[in-house]
Amino acid sequence: MIKPLLKPMKIKLHRFFNYRLNILDPISKSIKITQMKKIIFALSAIIMITCAENTKNNTSDYKDKNAPIEDRIEHLISLMTLDEKIMQMNQWTYGKNANPNNIGEKMREVSPEIGSLLYRSTNPEYRNQIQKKAMTESRLGIPIIFGFDAIHGYRTIFPIPLAQASSWNTELVRESSAITAKESWLSGLDWTFSPMVDVARDARWGRVSEGYGEDTYANSAFAVAAVQGYQGSNLNEKYTIAACLKHFIGYSLSEGGRDYHYSDVSNQTLWETFMPPFEAGVNAGAATLMSGFNDISGIPASANHYTLTEVLKEKWKHDGFVVSDWGSVRNLVEQSVAKDLKEATQKAFMAGIEMDMVDNAYVDYLPELVAEGKVPMESIDEAVRRILRVKMKLGLFENPYVDVVSEEERYLLPEYLEVAEELASESFVLLKNENETLPITSKYKNLAIIGPMVKDSVHIMGFWEGMGRPEDVKTIYEGLEKEFKNKATLNYALGCDYDGDDTSGFDAALQAANNSDAIVLFLGEKRHWSGENGSRSTIALPKIQEDLVAALRKTNKPIILMLSSGRPLELIRLEKMADAIVEIWQPGTMAGPAVAGLLSGRHNPSGKLPMTFPQTTGQIPIYYNMRQAARPTLGHYQDIPRDPLYWFGHGLSYTTYDYSAIKLSSKKITKDQTLIAEVEVTNSGNLDGKESVLWFLKDPFASISRPIKELKHFEKKSIKAGEKVVYRFEIKPERDLSFVDSQGNRHLESGDFYVIINDQKVHFELVE
Ligand code: BGC
């Protein structure tokens with residue numbers, strides 16, 4: 001019999017301060033279990049006999065590490081009972097939640113037969129002990145796969161993914177993901193629920209912070225970088241962990257940016273905008289995917305056979321498994337496509353979800369669904385096959401345990417912190433810099449350092465801070481003290497809190513400003529204002545923060561506005577009041593040195609926006625690759641300027657870059673030729689820098705309307721002051737000039753095209 005995993009009722013605390021009650025009662029429905037007992041017993045007996053038969057014919061032993069993986073899997077499946085198979089599909093939690101989200105199971109309550117644990121402890125020894133139970137006390141010794149949300153770091157916290165995308169540095173993102181993998185693995189993990197590759201265009205949706213912004217190609221490129229970083233070149237090796245592409249699919253289109261809500265996604269948008277990053281991640285070898293909470297045009301993502309099976313497994317040939325999102329099997333009842341949890345189980349499982357995250361629905365209902373003939377045994381076997389395949393690829397059967405080393409050897413190593421600072425500083429976006437207010441040179445001897453972010457060590461880590469600790473964070477203030485020691489006096493004042501209406505700190509802030517040559521003002525969002533369940537009706541900062549800027553403006557001192565947020569912000573009022581503006585996002589552990597380095601000029605800013613900053617919240621959705629309007633000059637909101645405040649791709653530097661004319665290897669190409677586009681970029685200023693060139697293509701006429709332009713390639717390079725560097729884009733027609741229809745079929749149509757960089761637009765033709 002399947003061992004009950006839960007007490008009759010569990011209360012799961014919501015991780016986002018509002019308490020969410022989640023009553024998990026069905027596992028110990030002993031009445032139901034008793035009723036089903038006879039059927040299941042009979043079924044198990046039949047299966048055992050069949051297993052024995054199969055075993056006789058199989059030559060490979062699943063324990064033989066030299067045998068081919070597929071043979072080992074088949075052998076193992078042939079030995080497993082239905083209960084054992086179903087237990088492989090079950091994930092429960094172990095350990096205290098870092099966010100007060102759930103109450104974990106105690107070690108002794110963990111069944112040795114369980115397939116997976118969401119492991120919320122940092123202790124590798126506990127993991128090894130639990131794993132030992134699985135290896136020695138379960139009948140067949142099948143290892144558990146331990147997963148966790150290491151989203152932008154485990155203990156060393158890197159900038160949030162949206163910030164990572166601003167760096168346009170895929171190599172750094174790969175490196176930071178590899179560090180995350182190593183810290184995670186040494187803490188007992190085999191698997192992270194990352195990267196999130198939901199293309200996001202509504203900044204009210206808090207989870208924009210978790211992905212790589214509004215562009216499909218950018219999400220695809222960073223998906224690949226993150227998967228490669230986590231998984232390394234061979235999952236079998238130490239320090240690598242399985243990646244999980246999420247949330248499959250269309251979740252970011254939740255209506256009005258309200259998290260968990262309905263998403264109306266046309267098939268054209270699904271294929272054109274949302275599918276490519278997942279496909280890129282699958283092609284990069286991502287071992288797993290997670291389904292979404294959203295209802296995709298009437299068929300929830302967690303019950304969607306088309307996306308989960310027809311596309312993912314049949315078309316893309318993904319051979320790993322899909323885990324449901326937290327409780328998303330149960331949510332099918334709320335979403336009104338299943339009358340009860342049993343039907344939800346059937347729908348989710350038959351749609352293609354192999355592992356059930358924390359609902360215990362599979363354990364409860366799959367046995368009877370099989371007995372009733374509603375779920376075929378072949379489907380159970382196929383699901384288990386996929387889970388075992390990932391475990392085999394991870395090498396868990398041979399090496400079920402992780403190394404135990406001291407925390408000092410495990411976390412926050414100097415080389416990790418170096419990458420964290422580099423990635424943070426490359427992610428900062430200099431939005432405005434009137435009269436070269438920045439960097440802060442000797443012209444400013446006294447600096448007013450004001451704002452709730454200055455001494456913060458919590459919000460600066462962003463949402464999903466892994467196992468990051470505030471005491472590890474180098475605060476902005478610490479960074480500034482070190483950077484400006486003997487160079488400038490810092491006059492600190494809090495000014496105000498993040499929200500509320502207490503203006504009692506304004507006077508001290510004004511005094512600090514009056515005693516200084518310039519004001520560096522650190523405003524922004526608390527960590528849970530973005531991230532999961534972090535939707536906001538307005539993306540403006542709270543009034544108190546705007547009032548503080550207005551009050552300080554009256555001093556006539558230059559204002560350098562430093563913004564820390566998990567989303568684009570509405571800056572329509574603030575922009576006019578600031579001389580310089582930098583978006584620093586949520587930079588993580590090395591916030592202080594990175595920010596201080598940017599202010600002093602030690603780091604030359606090189607970030608560019610991966611998401612458009614609208615004028616106002618009402619301008620959402622606005623993104624660079626919209627379709628052309630019928631009357632392009634008309635139809636805009638009458639009360640605000642037509643364009644957003646800062647477009648996707650915007651970002652300044654302390655130096656200047658001059659672009660040559662774009663050179664094309666030919667004006668005409670055929671479908672099987674490659675067109676070489678090149679541009680030479682000169683650093684014409686006095687500071688060394690790094691410049692990202694974003695290459696766009698435009699297809700002005702096609703049988704399915706095309707966006708105004710589309711990012712197809714990007715590259716970041718260092719350019720020393722006075723030097724020139726050539727950037728190159730090899731345009732391959734099938735890959736770069738084709739487009740998909742609503743069924744995902746690619747079309748390549750000859751005709752006119754344009755290569756676009758900044759304000760340059762160069763024509764070429766694709767001929768038959
Ligand atoms: C989130 C996922 C996350 C999971 C496990 C869910 O609520 O939507 O992104 O991976 O919890 O913590």
Side-chain angles (χ1 to χ4, degrees), residues 197-199 201 212 214-224 227 245 248-250 252-253 265-286 289 296-297 301 304-319 352 623-628 664-666 668-677 694-714 729-756 763-768:
V197 295
D198 297 312
V199 174
R201 293 169 171 178
Y212 303 108
E214 75 188 32
D215 180 64
T216 298
Y217 178 78
N219 270 278
S220 307
F222 287 107
V224 172
V227 169
L245 305 168
F248 199 55
I249 188 169
S252 52
L253 218 55
V265 195
S266 72
N267 270 350
Q268 184 63 35
T269 303
L270 189 69
W271 276 104
E272 195 173 300
T273 306
F274 293 110
M275 289 288 193
F278 286 96
E279 190 176 7
V282 165
N283 289 339
L289 285 87
I296 314 174
S297 306
N304 202 307
H305 188 266
Y306 176 64
T307 56
L308 293 166
T309 296
E310 289 162 54
V311 175
L312 179 65
K313 302 182 212 301
E314 290 167 10
K315 196 173 163 101
W316 294 347
K317 312 271 178 244
H318 184 247
D319 67 359
Y623 46 94
Y624 86 91
N625 49 352
M626 299 176 97
R627 295 297 217 271
Q628 186 69 275
L664 297 185
S665 60
S666 168
K668 278 188 184 163
I669 48 162
T670 59
K671 295 181 177 176
D672 46 16
Q673 286 178 330
T674 297
L675 179 69
I676 313 287
L694 309 188
W695 295 86
F696 299 89
L697 291 176
K698 178 178 174 69
D699 182 349
F701 170 74
S703 54
I704 295 176
S705 69
R706 309 304 312 133
I708 294 169
K709 60 179 184 177
E710 292 174 274
L711 183 74
K712 290 289 178 175
H713 180 59
F714 62 87
F729 175 22
E730 295 188 3
I731 301 170
K732 297 194 190 296
E734 189 58 44
R735 184 190 66 190
D736 302 314
L737 305 178
S738 67
F739 55 86
V740 282
D741 62 21
S742 60
Q743 303 308 307
N745 301 314
R746 291 224 145 254
H747 300 268
L748 180 59
E749 294 177 355
S750 49
D752 295 328
F753 287 91
Y754 294 92
V755 182
I756 301 175
H763 173 261
F764 69 93
E765 205 181 334
L766 180 69
V767 292
E768 289 296 330

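Predicted, not measured: the structure shown is a model, and the values here were computed from it. Because only heavy atoms are used, hydrogens play no part in the values below, and waters and symmetry mates are left out as well, while side chains stay in.
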Quiz item: Checking Glu765 side chain against Ser750 main chain: does a donor-acceptor pair fall under 3.5 Å?
Solution: no
Quiz prompt | Check: Asp736 and Phe729 side chains under 4.5 Å, non-hydrogen atoms | solution = yes
Quiz item: Does the Lys698 side chain pair with the main chain of Ile708, one donor and one acceptor, at a distance under 3.5 Å?
Solution: yes
Quiz item: With under 30° as parallel and over 60° as perpendicular, where do the rings of His713 and Trp695 fit, or are they tilted in between?
Solution: tilted
Quiz item: What pair of heavy atoms forms the shortest contact from Val767 to Lys668, and how long is it?
Solution: CG1-CD, 4.1 Å
Exercise. Scan residues 306-315 for pairs that pass salt bridge (Lys or Arg N to Asp or Glu O under 4.0 Å), counting only residues two or more places apart or in two chains.
Key: Lys313-Glu354
Exercise. Output, in order, the C-alpha distance, side-chain angles, deciding distance and verdict of side-chain contact (heavy atoms from CB on, under 4.5 Å) for Leu308 and Phe248.
Key: CA-CA 8 Å; Leu308 293 166; Phe248 199 55; 3.9 Å; yes
Quiz item: How close do Pro277 and Asn219 get, heavy atom to heavy atom, and via which atoms?
Solution: CG-CB, 3.7 Å
Quiz prompt | Note, Asp699 side chain near Leu737 side chain (heavy atom, < 4.5 Å) | solution = no
Quiz item: Are side-chain heavy atoms of Phe274 and Asp198 found at a separation under 4.5 Å?
Solution: no
Quiz item: Between Ser297 (side chain) and Val265 (backbone), is there a donor-acceptor pair under 3.5 Å?
Solution: yes
Quiz item: In Å and rounded to the nearest 0.5 Å, what is the CD1 to CG distance from Ile669 to Leu766?
Solution: 5.5 Å
Quiz item: So, does Glu710 use its side chain to make a donor-acceptor pair with the main chain of Leu697 at under 3.5 Å?
Solution: no
Quiz item: Is any side-chain heavy atom of Phe739 less than 4.5 Å from a side-chain heavy atom of Ser703?
Solution: yes
Practice problem: Identify the two heavy atoms, one from Ala223 and one from Tyr212, that lie closest to each other, and give their separation to 0.1 Å. | Solution: N-CE1, 4.3 Å
Quiz item: Do you know the tightest heavy-atom contact between Leu675 and Ser666?
Solution: CD1-O, 3.2 Å
Exercise. Locate the shortest heavy-atom distance separating Arg201 from Thr216; write the atom from each residue and the value.
Key: NH2-OG1, 4.3 Å
Quiz prompt | Euclidean distance, Phe764 CZ relative to Ile731 CD1, rounded to 0.5 Å | solution = 4.5 Å
Quiz item: Would you say the side chain of Phe278 lies within less than 4.5 Å of the side chain of His318, judging by non-hydrogen atoms?
Solution: no
Self-check item: Salt-bridge contact Glu272-Arg627 (side-chain N to carboxylate O under 4.0 Å)
Solution: yes
Practice problem: Specify the closest pair of heavy atoms between Thr309 and Gly352, including all atoms of both residues, with the distance to one decimal. | Solution: OG1-CA, 3.6 Å
Quiz item: Leu711: what forms a side-chain contact (heavy atoms from CB on, under 4.5 Å) with it, not counting sequence neighbours?
Solution: Trp168, Asp215, Tyr217, Ala218, Tyr624, Phe648, Leu694, Phe696, Phe714
Self-check item: Any Asn745 side-chain heavy atom under 4.5 Å of His747 side chain
Solution: yes
Quiz item: In Å and rounded to the nearest 0.5 Å, what is the CD to CG distance from Gln743 to Leu270?
Solution: 10.0 Å
Practice problem: Mind checking the OG1-CG spacing from Thr307 to Leu312? Nearest 0.5 Å is all I need. | Solution: 8.0 Å
Quiz item: Can you tell if the side chain of Leu289 reaches within under 4.5 Å of the side chain of Val282, non-hydrogen atoms only?
Solution: yes
Practice problem: Under the ring-ring contact (aromatic ring centres under 6.0 Å, His included) rule, collect the residues that match up with His305, sequence neighbours excluded. | Solution: none
Quiz item: Is there a donor-acceptor pair under 3.5 Å between the side chain of Lys671 and the backbone N or O of Leu748?
Solution: yes
Practice problem: Could you tell me whether the side chain of Gln673 reaches within less than 4.5 Å of the side chain of Lys732, counting heavy atoms only? | Solution: no
